[in-house]
Amino acid sequence: METDLKQELLSLDLQELESWMLSAGEAKYRAKQMFSQLHKGISPDEMTNLGKRLQAKLSEHFHWHLPLIEQKLVSKLDGTVKYLFSLCDGNCVESVVMRYEHGNTICISSQVGCRMGCKFCASTIGGRVRDLTPAELLGQVIAAQKDLGERISNIVMMGIGEPLDNYDNVLKFLRLVNCDEGINIGYRHISLSTCGLVDGIYRLMEENLPITLSISLHAPDDETRSAIMPINKRFGVDALLEACRAYFAHTGRRISFEYTLIAGKNDSSENAQKLARLLNSKLRSRTETMPIHVNLIPVNEVEETDFKHSSRGAVQAFAKVLESKGIRATVRRRLGADINASCGQLRRAAMKEST
Ligand code: SAH
């Protein structure tokens, strides 16, 4: 079998592209010239200013692909745009662009599928197929920006997959998307959501990138959490919150907690009391005043699971308990409700159709 040793052009950072140009006997400035065009979604074949000889050399050494739009759904309610992208091996991932007053935010996928096994989540049902490369992570932002003809100014890594389970590629992507010569999105405009890979959180902390960390907590104790999130058997609630405390102490960046409310599982007033006690005792002991923010999300009902979302009253009551204990809680506004904008479900539907 012939092995394909070509690299993906979009996975290269500027320094790597510069080194390649020099080793190929080309002028170094070509790298910068190309890099900014590549990140606008222009293919090397379209870059007529490169000259035919360099274009030929590039295609000999590199692949260039952008994720292809297989489906695009636009919400009539709030303009949210959901993309089903296909990758060059035929696998699909989803990205969602949300329109806020402060700009466009894209929610991107980090893996094809997921192996974390959270019981309420559609993305993990078929397991993990593979990691996304830096080019494919970046490609989602480039392709959406190109399609919309508008700038995307914020990124949340909350789509399909567990970003800290694809650590090296995600880190490279963060650096690429932050690069001045490329898309240039500030780290403070990027959030990374994790189900709680504690070793990954410590690794990320040492990188000193001022990104926002979002923790999918979803339960106030080990018993409740382990029943819905298998990762909790490896890294329990105490270890997770200790990592959050360390992350905040090291970076000064606030951490937000995601809490998906599932009727009868984690949404009682007792659960809320427990959650407030837990967060206050683990994160605000003695002199520390860590700002804590809890995002409450009524669970999106997934066909394959029998989890039901909490009633509006239960959600409000849960928020009230947290607020009364000094914890800011917001109920997530559901964007794109008419296009099923929560991640994983479009890919599942496409997979079902093709089998
Ligand atoms: N793996 C990462 C990021 C992807 S999931 C993580 O776990 O954080 C993004 C968010 O959506 C997580 O908070 C996840 O728990 C939540 N989520 C998954 N399925 C959901 C569902 N059916 N309803 C509501 N939220 C869900």
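None of the values given here were measured: they were computed from a predicted structure. Each ligand, and each atom within it, is numbered from 1 in the order the structure gives. Values below: all heavy atoms of this structure, side chains included; hydrogens, waters and symmetry mates excluded.
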Q: Give yes or no for whether the N/O distance cutoff of 3.5 Å, strictly under, is met between Glu258 and ligand 1.
A: no
Q | Options Ser214, Ser193, Ser216, Gly196, ranked by nearest heavy atom to atom 3 (C) of ligand 1, top entry | A | Ser193
Q: Quick one: look at Thr260 and ligand 1, take heavy-atom pairs under 4.0 Å, and tell me if it's side chain, backbone, both or neither.
A: side chain
Q: Run the numbers for me: atoms of ligand 1, each under 4.0 Å from some heavy atom of Val302, listed by number.
A: 22 (N)
Q: Any atoms of ligand 1 less than 4.0 Å from a non-hydrogen atom of Gly161? List them with their elements.
A: 1 (N), 2 (C), 3 (C), 4 (C)
Q.
Parallel, tilted or perpendicular, judged at 30° and 60°: which one describes the rings of Phe307 and Phe120?
A. tilted
(Q) For Thr194, which part has a heavy atom under 4.0 Å from ligand 1: side chain, backbone, both, or neither? (A) backbone
Q: Answer side chain, backbone, both or neither: which part of His218 comes under 4.0 Å from ligand 1, heavy atoms only.
A: side chain
Q: Would you mind running through ligand 1 and noting each atom that sits below 4.0 Å from a heavy atom of Asn300?
A: 21 (C), 22 (N), 23 (N), 24 (C)
Q: Please state whether the rings of Tyr259 and Phe318 are parallel, tilted or perpendicular, taking 30° and 60° as the class boundaries.
A: tilted
Q.
Using a 4.0 Å heavy-atom cut-off, which part of Glu162 comes near ligand 1: side chain, backbone, both, or neither?
A. both
Q | Those atoms of ligand 1 less than 4.0 Å from some heavy atom in Cys121 | A | 18 (C), 19 (N)
Q: Return yes if a side-chain donor-acceptor contact under 3.5 Å exists between Glu258 and Ser193, otherwise no.
A: no
Q) Heavy-atom count around Lys40 NZ within 6.0 Å, excluding the residue itself: above 12? A) no
Q) Hey, which atoms in ligand 1 end up nearer than 4.0 Å to a heavy atom of Cys195? A) 6 (C), 7 (O), 8 (O)
Q. Who gets closest to atom 4 (C) of ligand 1 by heavy atom: Cys107, Pro298, Pro163, Gly159?
A. Gly159
**Q.** Candidate list Glu94, Gln140, Gln71, test side chain to side chain contact (heavy atoms under 4.5 Å, CB included), partner Phe85, passing option
**A.** Gln140
Q) Which word best sums up how the rings of His102 and Tyr100 line up, parallel for under 30°, tilted for 30 to 60°, or perpendicular for over 60°? A) parallel
Q: Test the Arg253-Phe248 pair against the cation-pi criterion, namely NZ or CZ under 6.0 angstrom from the six-membered ring centroid and within 45° of the ring axis.
A: no
**Q.** Location of contacts on Val299 toward ligand 1, heavy atoms closer than 4.0 Å
**A.** both
Q. Side-chain contact, heavy-atom cut-off 4.5 Å: Met34 with Arg30?
A. no
(Q) Distance alone, cut at 3.5 Å: any donor-acceptor contact between the side chains of Thr80 and Asp78? (A) yes
